[in-house]
J.: 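Sharing a structure, written as structure tokens. Questions coming.
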There are 2 protein chains.
Amino acid sequence: MREPLSPEMFDPMCPSSAFPIQIGGKWTGMLIRCLEHGPRRFTELRNALPAVTPKVLSETLRSMERDGLLTRTVHDENPPRVEYELTGLGRSLLDLIEASRAWAAEHFHTLLKARDEHDLESSP
Amino acid sequence: MREPLSPEMFDPMCPSSAFPIQIGGKWTGMLIRCLEHGPRRFTELRNALPAVTPKVLSETLRSMERDGLLTRTVHDENPPRVEYELTGLGRSLLDLIEASRAWAAEHFHTLLKARDEHDLESSP
DNA sequence: CGGGATCCAGACGGATACTG
DNA sequence: CAGTATCCGTCTGGATCCCG
């Protein structure tokens, strides 16, 4: 745990807009996975999800805090340090996320193929 | 299988807008469950989801057909009869839906309580 | 019966710039 | 560092009416 988060943790080219399973908001599932191995700072999370603007990241984190999925801790230091950490409730979603990933590994390509073929038939 | 679908199959008062797991579009998961035990007609599905307008239902079904989750069969009769039936791919999502329901049974009240308490603290 | 056509509103996500 | 402020385009979902 506590290894740095890679900017390539999530592939921006992955056709996840077609992905049929979503946990919370658009980024909630990925954030839960980012926090799986311990608390992270705002900038660490930004680094792992370069496509997400600070505003959206902040909004997502606040809504997750509201739902009791994570805690936000401000350390009174200079420079300021804020850490986000999963609660038990947030952690309870990890199994479901893993199940979604397993479904994707087995079936996602079938869905994408069906979509491609359907699109070819209707607009040649 | 083939029992009629009840209009109370899904509780319109259920705070599902707070539900953090979603399969496909807003109604996809519920439709998959409606089709679990065999093919259904458009009007049967309408009956099970009274809150969904025909337009939205039709759109959802077409997008599910596009993704290979179900098939749409037009029977050449009078009056016309159209049946929707899950494919293997659509059926493969049933496990995930069941896992989501299990998560909800165990944890959803915790999320709602956390949300309530948070909202009370911030706006008394 | 099983939709399509049209129009519309609000929510969501994003770009850009700025701050304690 | 860790956000907030402002503005804006898009897109989903819905209301209503109509049709083969």
Side-chain angles (χ1 to χ4, degrees), chain A residues 4-5 10 12 14-31 34-35 39-67 70-85 122, chain B residues 4-5 10 12 14-20 22-31 34-35 39-67 70-85 115 122:
Chain A
L5 297 172
F10 304 105
C14 167
S16 53
S17 60
F19 192 66
I21 304 135
Q22 200 177 327
I23 310 285
K26 192 168 179 180
W27 309 106
T28 305
M30 297 182 200
L31 284 171
C34 287
L35 296 168
R40 298 286 183 182
R41 304 178 62 168
F42 191 84
T43 306
E44 285 186 283
L45 298 172
R46 277 198 78 171
N47 190 270
L49 295 130
V52 186
T53 64
K55 176 203 164 197
V56 171
L57 181 56
S58 163
E59 283 172 354
T60 306
L61 290 168
R62 271 189 277 119
S63 96
M64 291 173 71
E65 188 193 9
R66 178 183 178 228
D67 285 347
L70 51 77
T71 59
R72 178 178 182 274
T73 308
V74 183
H75 300 269
D76 197 4
E77 302 172 1
N78 199 308
R81 186 162 60 95
V82 179
E83 286 193 319
Y84 297 91
E85 184 168 16
S122 35
Chain B
L5 295 173
F10 304 104
C14 169
S16 52
S17 59
F19 192 66
Q22 201 179 324
I23 310 286
K26 192 168 178 179
W27 309 106
T28 305
M30 299 183 199
L31 284 172
C34 288
L35 296 169
R40 298 285 182 181
R41 305 177 62 167
F42 190 84
T43 306
E44 286 186 283
L45 299 172
R46 277 199 78 173
N47 189 269
L49 295 132
V52 186
T53 65
K55 176 203 164 197
V56 172
L57 181 56
S58 163
E59 282 172 354
T60 307
L61 289 169
R62 270 189 279 119
S63 96
M64 290 172 71
E65 189 194 9
R66 179 183 178 225
D67 286 346
L70 52 76
T71 58
R72 177 178 182 274
T73 308
V74 183
H75 299 269
D76 198 3
E77 303 172 1
N78 199 309
R81 187 162 60 95
V82 179
E83 284 193 320
Y84 297 90
E85 183 168 17
R115 180 176 287 201
S122 36

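Just so it is clear, the values below take in all heavy atoms, side chains as well, and ignore hydrogens, waters and symmetry mates. Each chain gets a letter, A, B and so on, in the order the sequences are listed, and its residues count up from 1.
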J.: Answer yes or no: is there a donor N or O on one side and an acceptor on the other, between the side chain of A/Gln22 and the main chain of A/Gly25, under 3.5 Å?
T.: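 Yes, A/Gln22 side chain to A/Gly25 backbone: donor-acceptor pair under 3.5 Å.
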J.: Counting heavy atoms from C-beta on, name the nucleotide in C/dC1, D/dA5, D/dA2 closest to the side chain of B/Thr43.
T.: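 Taking heavy atoms from C-beta onward, the closest nucleotide is C/dC1.
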J.: Please give, in whole Å, the distance from D/dA2 P to A/Leu45 CG?
T.: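 Rounded to whole Å, this separation is 10 Å.
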J.: Ignoring backbone atoms, establish whether A/Arg62 has a side-chain N or O less than 4.0 Å from OP1 or OP2 of D/dG3.
T.: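 For D/dG3, OP1/OP2 do not have a side-chain N/O of A/Arg62 under 4.0 Å.
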J.: Could you tell me the separation between the CE atom of B/Met30 and the C1' atom of D/dG13, rounded to a whole number of Å?
T.: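 Rounding to the nearest Å, CE of B/Met30 and C1' of D/dG13 are 14 Å apart.
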J.: The side chain of A/Trp27 lies closest to which of these nucleotides: D/dA2, D/dG13, C/dG14?
T.: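 For the A/Trp27 side chain, the nearest candidate turns out to be C/dG14.
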J.: Which atom pair, heavy atoms only, marks the closest approach of B/Asn47 to B/Leu5?
T.: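 So the minimum-distance heavy-atom pair works out to OD1-O, 3.1 Å.
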J.: Is a donor on one side and an acceptor on the other found under 3.5 Å between the side chain of B/Glu65 and the backbone of B/Asp67?
T.: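 No; judged by distance alone, with no hydrogens or angles, the pair does not exist.
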J.: Which of the following nucleotides, C/dG20, D/dC7, D/dG3, is nearest to the side chain of A/Pro80?
T.: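 The nucleotide sitting nearest to the side chain is C/dG20.
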J.: Round to the nearest Å and state the distance from B/Glu65 atom CD to C/dG2 atom C1'.
T.: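 So the CD-C1' distance, B/Glu65 to C/dG2, works out to 14 Å.
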J.: Of all the choices, C/dG3, D/dG13, D/dA2, which nucleotide is nearest to the side chain of A/Arg41 once you look at every atom?
T.: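 Comparing C/dG3, D/dG13, D/dA2 against the side chain of A/Arg41, the answer is D/dA2.
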J.: Quick one: pull up CZ in B/Arg81 and OG1 in B/Thr43 and give me the separation to the nearest 0.5 Å.
T.: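 Result: 12.0 Å between the selected atoms.
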J.: Say you draw a straight line from CG of B/Leu61 to CG of B/Leu35; how long is it, rounded to the nearest 0.5 Å?
T.: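 Going from CG on B/Leu61 over to CG on B/Leu35, the span is 7.5 Å.
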J.: What's the CD-C1' distance between A/Glu44 and D/dG3, to the nearest Å?
T.: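 One finds 16 Å between C1' of D/dG3 and CD of A/Glu44, rounded.
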J.: Write down the distance between CZ (B/Arg40) and P (C/dC1), rounded to a whole number of angstrom.
T.: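 These atoms are roughly 16 Å apart.
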J.: Taking the minimum atom-to-atom distance to the side chain of A/Thr53, which one of C/dG3, D/dG3, C/dG14 wins?
T.: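 The answer is C/dG14, which lies nearest to the side chain.
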J.: Is there a side-chain contact between A/Lys55 and the phosphate of D/dA2, meaning an N or O under 4.0 Å from OP1 or OP2?
T.: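 Checking A/Lys55 against D/dA2: no side-chain N or O falls below 4.0 Å of OP1 or OP2.
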J.: Identify the two heavy atoms, one from B/Cys34 and one from B/Phe10, that lie closest to each other, and give their separation to 0.1 Å.
T.: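 It is SG-CE1, 3.8 Å.
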J.: Could you state the CD-P distance from A/Glu77 to D/dG3, rounded to the nearest angstrom?
T.: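 Computing the A/Glu77:CD to D/dG3:P distance gives 14 Å.
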J.: Map B/Glu59 and B/Pro54 onto DNA chain D by nearest heavy atom, then report which one ends up closer to the 5' terminus.
T.: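 Looking at the nearest nucleotide for each, B/Glu59 comes out on the 5' side.
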J.: Among D/dG3, C/dC1, D/dA2, which nucleotide has an atom closest to any side-chain atom of B/Pro79?
T.: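 Output: C/dC1.
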J.: Quickly work out the A/Leu57 CG to D/dT4 P distance and round it to whole Å.
T.: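 In whole Å, D/dT4 P lies 10 Å from A/Leu57 CG.
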J.: Which nucleotide, D/dA2, C/dG14, C/dG3, lies nearest any side-chain atom of B/Tyr84?
T.: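 Side chain of B/Tyr84 sits closest to C/dG3.
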J.: DNA chain D: B/Val52 or A/Phe42, which has the more 5' nearest nucleotide?
T.: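 In this pair, the answer is A/Phe42.
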J.: Using a 4.0 Å heavy-atom cut-off across all strands, classify B/Arg46 as base, sugar-phosphate, or nothing.
T.: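 If one applies the 4.0 Å heavy-atom cut-off, B/Arg46 turns out to touch nothing in the nucleic acid.
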J.: Please report the distance, rounded to the nearest Å, between CD in B/Gln22 and C1' in C/dA11.
T.: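 Rounded to whole Å, this separation is 14 Å.
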J.: Given C/dG3, C/dG13, D/dA2, which nucleotide is nearest the side-chain atoms of B/Ser58?
T.: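 For B/Ser58, the side-chain atoms sit closest to C/dG3.
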